[in-house]
Amino acid sequence: MDRREVFYYVAVCMFTIVMLCYDQSILLIIGIVVPATLIMVTIFELYPMLWETRMDRLEAFLRKKQYKPYIYFYYATANRLDEEVDHTIEKLMSNTTVSKSTKAIFQAAYSSYRKDVFSLRKAVRDIRRSDYRTYYETILLVEEGHIDLAKAHLASIKKEYMRFALLAEIKRRLNHPEQAAEYAARAIHASRGVNRYIMTKEVERYYTKDQLAQ
């Protein structure tokens, strides 16, 4: 657990004990602790997960989350840490509190990472209708060589970073490196949080800084 989280939970515990010792209302205690917890979660977890754009901060945030597989999975896949990816996905799949659809999204990401088209197709069927499902359906079409169908399919995706990332991959497969680099740069610019981290790491594997700057 992150030291800041440990400090917070210890502080909450001590605050609750002190308040109870002074015979304060349980409702008052809850009224203070719950909003404080929501603020803490937003600052230390939701903000970096969803909105952070600085790579150094995202790197530091993700590296500390080995005990939270649903977060650490992003770090492991982005950095191609195969053993840790396998270990993390096992934890996620064995977690009974995670919904079937959420597990399917992680399984699809893992199958895509492993280039396992059969497992990816199976996982996609369990994802609820959303941009995530369309995204992985489009990846399947690209992997199977159905480029024209993939282009038509991705038009329904609302998330810009997903569309640009898929267009970059399509252009790369068609051997149009300049256009691919342009879409890759736009995908990074349109993404936030852990998605920006993954996009940046993935793009760095295929393109130089000069290509992305054009």
Can you confirm whether more than 12 heavy atoms, excluding those of R173, are under 6.0 Å from its CZ atom?
yes
Counting only heavy atoms not in R80, do more than 12 fall under 6.0 Å of its CZ?
yes
Under 3.5 Å, is there a donor-acceptor pair between the side chain of D131 and the main chain of K159?
yes
Is L141 reachable from V117 through a run of hydrophobic residues whose side-chain heavy atoms are each under 4.5 Å from the next?
no
What verdict does the side-chain hydrogen bond (donor to acceptor under 3.5 Å, both in side chains) test give for Y110 and D86, after you've listed the backbone C-alpha separation in whole Å, the side-chain angles of each residue and the deciding distance to 0.1 Å?
CA-CA 8 Å; Y110 177 72; D86 292 344; 2.7 Å; yes
When rounded to the nearest 0.5 angstrom, what is the spacing between NE2 in H176 and CD1 in I170?
11.0 Å
Exam field: side chain S112 to backbone A108, donor-acceptor pair closer than 3.5 Å:
no
Check T102 against S99 and note the closest heavy-atom contact, atom names and distance.
OG1-OG, 2.8 Å
Show your reasoning for whether salt bridge (Lys or Arg N to Asp or Glu O under 4.0 Å) applies to K122 and D116.
CA-CA 10 Å; K122 183 179 178 182; D116 185 345; over 6 Å; no
In this structure, which one of L120, V142, L149, V124 forms a side-chain contact (heavy atoms from CB on, under 4.5 Å) with E137?
V124
Evaluate ring-ring contact (aromatic ring centres under 6.0 Å, His included) for Y70 paired with F106, printing each intermediate quantity in order.
CA-CA 8 Å; Y70 66 92; F106 279 108; 7.7 Å; no
Geometric class of the Y47/W51 ring pair [parallel <30°, tilted 30-60°, perpendicular >60°]:
tilted
Please give me the minimum heavy-atom distance between A168 and A184, naming the atom from each residue.
CB-N, 3.6 Å
Looking only at heavy atoms, which two atoms of S119 and S111 are closest? And how far apart?
CB-OG, 3.3 Å
Look at the side chain of N79 and the backbone N and O of L81, then say whether any donor-acceptor pair between them is shorter than 3.5 Å.
no
To the nearest 0.5 Å, how far apart are OH in Y135 and CD1 in I105?
12.5 Å
Closest non-hydrogen contact found for A187 with M199 is CB-SD, 4.2 Å
Within-4.5 Å side-chain heavy-atom neighbours: S156 and L154:
no
Working to the nearest 0.5 angstrom, can you tell me the gap between Y132 OH and S101 OG?
11.0 Å
Chi angles and distances behind the side chain to side chain contact (heavy atoms under 4.5 Å, CB included) call for H87, K91:
CA-CA 7 Å; H87 182 61; K91 283 186 175 181; 3.3 Å; yes
Looking at every heavy atom in both R172 and A180, which two are closest together, and how far apart are they?
N-CB, 3.7 Å
Going only through I, L, V, M, F, W and Y residues with side-chain contacts under 4.5 Å, is there a path from V98 to I127?
no
Mind checking the CG-OG1 spacing from L166 to T134? Nearest 0.5 Å is all I need.
10.0 Å
For the side chain of R192 and the backbone of E52, is there at least one donor-acceptor N/O pair under 3.5 Å apart?
no
Tell me whether the count of non-hydrogen atoms from other residues, nucleotides or ligands lying under 6.0 Å of NE2 in H146 goes above 12.
yes
First locate atom CD of E143, then atom OH of Y136, and finally report the distance between them rounded to the nearest 0.5 Å.
12.5 Å
As a quick check of understanding, evaluate side chain to side chain contact (heavy atoms under 4.5 Å, CB included) for M162 and L167, giving each step before the final call.
CA-CA 9 Å; M162 286 185 176; L167 284 166; over 6 Å; no
Under 3.5 Å, is there a donor-acceptor pair between the side chain of R196 and the main chain of I188?
yes
For Y72, the option from K64, R63, Q66, E84 that meets side-chain hydrogen bond (donor to acceptor under 3.5 Å, both in side chains):
E84
Does the K103 side chain pair with the main chain of N95, one donor and one acceptor, at a distance under 3.5 Å?
yes
Applying side chain to side chain contact (heavy atoms under 4.5 Å, CB included), run through K65 and Y75 and close with a yes or a no.
CA-CA 9 Å; K65 298 298 180 179; Y75 179 79; over 6 Å; no
Of all heavy-atom pairs between T77 and R205, which one has the smallest distance, and what is that distance?
O-NH2, 4.2 Å
Is F73 reachable from Y113 through a run of I, L, V, M, F, W or Y residues, each pair having side-chain heavy atoms under 4.5 Å apart?
yes
Are L46 and Y197 co-members of a hydrophobic cluster defined by side-chain heavy atoms under 4.5 Å apart?
yes
If I take atom CD1 from residue I147 and atom CD from residue E169, how far apart are they, to the nearest 0.5 angstrom?
8.5 Å
Considering residues, nucleotides and ligands other than Y183, do more than 12 of their heavy atoms fall under 6.0 Å from its OH?
no
Are any side-chain N or O atoms of R121 and backbone N or O atoms of L140, one a donor and one an acceptor, separated by less than 3.5 Å?
no
Sub-3.5 Å donor-acceptor pair from the side chain of R186 to the main-chain atoms of F164, do we have one?
no
